[in-house]
Amino acid sequence: MKKLLSLALGVFTAIGGFIDIGDLITDALIGARFGLALVWVTVVAVIGVALYSEMAGRVAVVTRRTVFDLIRERMGARMGLAAVIVSYLVNAIALIAELCGIALAIELLTDVHYLLWVPPVAFLAWLVIWRVPFEMMERVYGLAGMALFVFVIAVWHLGPDWGQMLHDATHPSLPFGEGLPTYFFYALVMLGAQMTPYEVFFFSSAAVEHRWRARNLIEVRMNCWVGYPIGGILAIGIQVVAYQVLQPAGIQVENLSQTVLPVVLALGKVGFALAILGIVAAVFGSTIETLLSSSYTVAHHFGWTWGKTPRPADASRFHTLLLITLLAAVAVALTTINPVTITIYAVYLGAAVLPVTYLPILVIANDRRYMGDRVNGRLANAVGVVYLVIVLAGALAALPLLIATKAGL
């Protein structure tokens with residue numbers, strides 16, 4: 001029973017951890033603008049992030065080392081440093097978006113301008129990392145994030161035409177006035193939102209922090225292959241309610257309140273309360289994961305003592321970098337930069353650098369010197385290579401699409 005409970009809690013954490021501010025904004029924006037014409041991207045993204053997270057988690061439990069710890073050793077200092085710099089910058093930009101996302105959700109509850117909430121949210125994030133045990137931290141925001149299922153409930157309550165929805169999702173077409181470059185720009189945005197690099201970094205590092213061993217491989221696989229797909233259902237639910245309510249009204253998503261609007265119309269105050277609870281919990285969890293991942297990647301590469309398990313005094317460089325990153329993110333957020341804009345750029349950059357994250361994972365997961373008989377099988381390698389080609393094509397197309405569409409305008 002204890003084992004089953006541990007598995008269930010891990011799955012709930014993965015579900016809550018799948019949805020962050022990038023998903024919440026991107027899914028609603030795309031549902032309102034393109035209907036269900038990009039649902040296929042969520043399906044592709046869920047399989048990809050589950051596949052590579054499982055590889056990274058398996059590497060961690062077999063070697064008892066994280067992916068970035070092994071990249072420098074396996075692929076050389078230059079390759080490792082390049083991956084660290086790119087990953088750190090993407091995580092830092094994503095952190096700005098996450099902080100703004102929580103603040104915006106609290107603004108909806110309090111009617112107090114979101115910028116006033118950014119510093120307290122940042123302080124709370126630092127305090128949780130400093131004082132709250134790892135498992136409690138994960139489980140609280142993972143379980144509370146399940147309130148996001150209110151978006152799925154709203155789909156039923158709105159009484160959709162299921163046949164028409166299935167047709168729209170399986171026969172994607174461009175809405176009037178939209179061009180193919182813009183369509184593929186937002187496909188790449190969604191891919192970045194749902195295959196976020198920090199998810200893989202955090203999952204690998206958390207496996208080491210939890211001191212998982214080969215016997216915990218079932219937990220790794222359950223988290224990836226059950227938790228992420230259910231998280232994908234939540235993402236599709238957000239797209240569907242936007243398609244049902246916002247698209248017919250011609251409403252474009254320009255702030256978080258428009259993401260929540262369909263739930264409020266369907267379920268009233270109860271729906272609003274659950275939506276805000278789920279958003280705050282899920283985005284706060286993503287803030288913690290993004291912030292930790294920023295320091296994880298650097299500490300792993302340079303061989304610092306790292307993590308929540310050691311005393312902060314014993315991992316002083318790790319915690320100092322974490323605090324500097326957090327303060328810098330707060331400073332940028334307080335410049336009044338548009339939260340939706342920074343979110344779109346954060347997930348877009350995440351998509352552009354996916355090859356830097358995924359290639360080393362695939363290489364290490366196939367190295368018998370590290371993995372022994374736990375190397376990838378033929379199916380994992382075949383699908384992994386396909387995804388590597390997909391993310392590489394996306395990375396090559398990222399800049400031309402950004403310029404051609406003027407960032408999706």
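What's counted below: heavy atoms across the whole structure, side chains too, no hydrogens, waters or symmetry copies.
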Query raised in the report: How far does OG of Ser53 sit from CD1 of Ile361, to the nearest 0.5 angstrom?
Result: 7.5 Å
Report task. Go through the steps to decide whether Ile288 and Glu98 satisfy the test side-chain contact (heavy atoms from CB on, under 4.5 Å), and finish with yes or no. Result -> CA-CA 9 Å; Ile288 298 293; Glu98 304 293 356; over 6 Å; no
Report task. Count the heavy atoms of every other residue, nucleotide or ligand shown that sit under 6.0 Å from NE2 of His157, and state whether that count exceeds 12. Result -> no
Query raised in the report: For Tyr88 and Ser293, does a side-chain donor sit closer than 3.5 Å to a side-chain acceptor?
Result: no
Requested in this report: Begin from the C-alpha positions of Leu104 and Asn255 and carry the test side-chain contact (heavy atoms from CB on, under 4.5 Å) through to its verdict.
Outcome: CA-CA 8 Å; Leu104 285 168; Asn255 54 64; 5.8 Å; no
**Report entry** Donor-acceptor contact present, side-chain His210 to main-chain Trp212, <3.5 Å
**Finding:** no
Report task. Using only heavy-atom distances, determine whether the side chains of Gln194 and Asp27 contain a donor-acceptor pair under 3.5 Å. Result -> yes
Query raised in the report: Is the Trp162 ring parallel, tilted or perpendicular to the Trp156 ring (thresholds 30°, 60°)?
Result: tilted
Query raised in the report: Between Leu359 and Val391, is any pair of side-chain heavy atoms under 4.5 Å apart?
Result: no
Query raised in the report: Hey, does Ser257 have a side-chain heavy atom less than 4.5 Å from the side chain of Glu107?
Result: no
Report task. Take Phe149 and Ile230 through the test side-chain contact (heavy atoms from CB on, under 4.5 Å) and record every step on the way to the result. Result -> CA-CA 10 Å; Phe149 268 102; Ile230 297 176; 3.4 Å; yes
Query - Main-chain N/O of Glu219 paired to Asn216 side chain as donor or acceptor, under 3.5 Å - result: no
Report summary line: Distance col, row Ser295:OG vs Ile324:CD1, nearest 0.5 angstrom, shows 9.0 Å
Report summary line: Tested for ring-ring contact (aromatic ring centres under 6.0 Å, His included) against Tyr52, the lone hit among Tyr228, Tyr358, Phe203 is Tyr358
Requested in this report: Give, for atom CD1 of Ile25 and atom CD1 of Ile30, the distance between the pair rounded to the nearest 0.5 Å.
Outcome: 11.5 Å
Query - Side-chain touch Thr305/Phe318, heavy atoms, less than 4.5 angstrom - result: no
Query raised in the report: Near Arg213 CZ, under 6.0 Å, is it more than 12 heavy atoms from other residues, nucleotides or ligands?
Result: yes
Requested in this report: Could you tell me whether a side-chain N or O of Thr26 sits under 3.5 Å from a main-chain N or O of Asp23, the two making a donor and an acceptor?
Outcome: no
Requested in this report: Look at the side chain of Thr405 and the backbone N and O of Leu401, then say whether any donor-acceptor pair between them is shorter than 3.5 Å.
Outcome: yes
Query raised in the report: To the nearest 0.5 Å, what is the distance between SG (Cys100) and CG (Leu256)?
Result: 11.0 Å
Requested in this report: Examine Tyr186 together with Phe34 and report whether their ring centres are nearer than 6.0 Å.
Outcome: yes
Query raised in the report: Asn381 and Leu362: side-chain contact (heavy atoms from CB on, under 4.5 Å), yes or no, with the steps?
Result: CA-CA 8 Å; Asn381 276 333; Leu362 188 62; 3.8 Å; yes
Report task. State, with a plain yes or no, whether a side-chain heavy atom of Asp168 is found less than 4.5 Å away from one of Met165. Result -> no
Query raised in the report: Considering only heavy atoms from C-beta outward, does the side chain of Thr170 approach that of Trp40 to under 4.5 Å?
Result: no
Report task. Could you tell me the separation between the CG atom of Leu108 and the CD1 atom of Ile279, rounded to the nearest 0.5 Å? Result -> 7.5 Å
Query raised in the report: Do the non-hydrogen side-chain atoms of Tyr183 and Glu178 ever get within less than 4.5 Å of each other?
Result: no
Query raised in the report: Looking at Glu209 and Lys308, does any basic side-chain N land under 4.0 Å from a carboxylate oxygen?
Result: no
Query - Close side-chain approach of Thr110 and Trp117, heavy atoms under 4.5 Å - result: yes
Query raised in the report: Would a distance-only check, ignoring hydrogens and angles, find a side-chain to backbone donor-acceptor pair under 3.5 Å from Thr341 to Ile337?
Result: no
Query raised in the report: How about Asp20 and Glu289: do any of their side-chain heavy atoms sit closer than 4.5 Å?
Result: no
Report task. Would you please classify the geometry between the Trp126 ring and the Phe123 ring as parallel, tilted or perpendicular, with 30° and 60° separating the classes? Result -> tilted
Requested in this report: Enter the distance from Asn376:CG to Leu51:CG here, rounded to the nearest 0.5 Å.
Outcome: 7.5 Å
Requested in this report: Say whether, by atom type as modelled, one donor and one acceptor occur between the side chain of Arg317 and the main chain of Ala299 under 3.5 angstrom.
Outcome: no
Report task. Could you check whether the rings of Tyr296 and Phe202 sit parallel, tilted or perpendicular, using 30° and 60° as the cut-offs? Result -> tilted
